[in-house]
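Have a look at the structure below, then the notes.
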Amino acid sequence: MPAKAKHRRPKQHPIARKLAFAGTGGAALALPLISTTTAGAAVTQPAAVASVTTLAPAAAPAVEKAAVPLTYSVIGGDTLSKIAVEHSVNGGWQALYDANKSTIGSNPSLIQPGLKLTLGTAAKAAAARAKAVAAEPAAPTYANNLDGWIRESLDVMAKHGIPGSYNGIHRNVMRESSGNPMAINNWDSNAAAGIPSKGLLQVIDPTFRAYHVPGTPMDSYDPVANITAACNYAAARYGSIDNVNGAY
């Protein structure tokens, strides 16, 4: 590409979540968990439910559910998995452990008889947190090609308020490097000065460093970093990469 005024003197304008699943030795905890061996059972009941003289059969399950204890005392033979199933703990043994980790300790496989475990609100909150984490949108993935590089660059640019469109970037990439991220100009005045233009949008190193965007590699050959830095430079000098239609 022409050598005149190409990135010669860049302006200095740089862009100035989880539920912990317990494991042993880095491996995921396998069920069933280790059982305790001794102790008597003790279930702390909530406040007494007002007596009902006449109860329709269909309503019985609701009364039974309301009487589920909020706390439970561990007995011999218990495991978190068993307790979670027997008391319908939302989120299973993981939520039960998360809600009672300070009581149980670091190893959910070892629950001692007599421990008082919360089965109600805290366990439900833990399950809700796990559900929220699972509902978080997955990070976007990009193809390792020109289309993917441009799309990833556009997402980075959007986070930093750098203008530019897919078409504007693609048009300039094809003119400057034909889509080759390893392209280098070894013949123009920049090359003669020891700072050849590099990458998809043919940026010299001083310009790349000055307009490098955080969150991308500090490597002028990296396709996403190269596109993003070049678009940042073009925005500062021309308003947008979309306004560039020749040597810049």
Side-chain angles (χ1 to χ4, degrees), residues 1-19 128-248:
M1 62 174 291
K4 290 187 178 181
K6 179 173 179 61
H7 311 307
R8 297 289 293 180
R9 294 293 185 266
K11 296 189 293 181
Q12 297 300 313
H13 186 68
I15 292 294
R17 319 161 176 74
K18 293 180 183 168
L19 174 65
R129 289 196 298 272
K131 184 177 181 181
V133 170
E136 290 179 358
T141 57
Y142 307 94
N144 187 29
N145 55 29
L146 182 57
D147 177 75
W149 301 330
I150 293 176
R151 293 185 188 282
E152 185 173 356
S153 296
L154 285 170
D155 284 347
V156 176
M157 290 162 58
K159 293 177 182 178
H160 293 275
I162 302 171
S165 70
Y166 185 100
N167 289 337
I169 294 172
H170 189 274
R171 181 184 70 249
N172 282 283
V173 165
M174 296 311 293
R175 184 191 65 252
E176 294 291 325
S177 67
S178 298
N180 176 13
M182 301 304 294
I184 183 170
N185 184 325
N186 287 314
W187 56 266
D188 68 2
S189 60
N190 288 323
I195 48 172
S197 303
K198 302 175 180 178
L200 290 173
L201 282 171
Q202 291 292 280
V203 183
I204 60 175
D205 284 341
T207 299
F208 176 81
R209 289 192 295 267
Y211 290 90
H212 173 259
V213 178
T216 63
M218 184 60 79
D219 177 3
S220 58
Y221 282 114
D222 179 87
V224 174
N226 185 283
I227 291 173
T228 311
C231 287
N232 191 26
Y233 164 78
R237 185 164 184 180
Y238 303 102
S240 171
I241 190 69
D242 294 344
N243 298 330
V244 177
N245 294 288
Y248 67 112

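Here the structure is a predicted model, which means the values were calculated and not measured. Only heavy atoms go into these numbers, but all of them, side chains included; no hydrogens, no water, no symmetry mates.
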Test of understanding: with side-chain hydrogen bond (donor to acceptor under 3.5 Å, both in side chains), list the residues that count as partners of [X], not counting sequence neighbours.
X	value
Asp222	none
Ser240	none
Tyr221	none

Parallel under 30°, tilted from 30 to 60°, perpendicular over 60°: which one fits the rings of Tyr248 and Tyr233?
tilted
What's the separation between atom [atom1] in [X] and atom [atom2] in [Y], rounded to the nearest 0.5 Å?
X	Y	atom1	atom2	answer
Ile227	Ile162	CD1	CD1	12.0 Å
Ile204	Asp188	CD1	CG	9.0 Å
Tyr166	Ser153	OH	OG	11.0 Å
Met157	Thr216	CE	OG1	11.5 Å
Glu152	Thr141	CD	OG1	10.0 Å
Met174	Leu200	CE	CG	10.0 Å

Any sub-3.5 Å donor-acceptor pair from [X]'s side-chain atoms to [Y]'s backbone N or O?
X	Y	value
Thr228	Ala225	no
Asn172	Val244	yes
Asn232	Tyr211	yes

What residues, two or more places apart in sequence or in another chain, satisfy salt bridge (Lys or Arg N to Asp or Glu O under 4.0 Å) together with [X]?
X	value
Asp155	none
Arg171	none
Asp205	Lys198

Test side chain to side chain contact (heavy atoms under 4.5 Å, CB included), reference Cys231, set Asp242, Val213, Ile241, output is Ile241
What do the steps show when you test Ser197 against Ile184 for side-chain contact (heavy atoms from CB on, under 4.5 Å), and what is the final call? CA-CA 6 Å; Ser197 303; Ile184 183 170; over 6 Å; no
>> Between Trp149 and Asp147, is there a side-chain donor-acceptor contact under 3.5 Å, judged purely by atom types and distance?
In response: no
Less than 3.5 Å apart, any donor N or O on the side chain of Ser220 or Asn226 sitting next to an acceptor on the other? no
Quick one: are Leu146 and His170 in side-chain contact, heavy atoms under 4.5 Å? yes
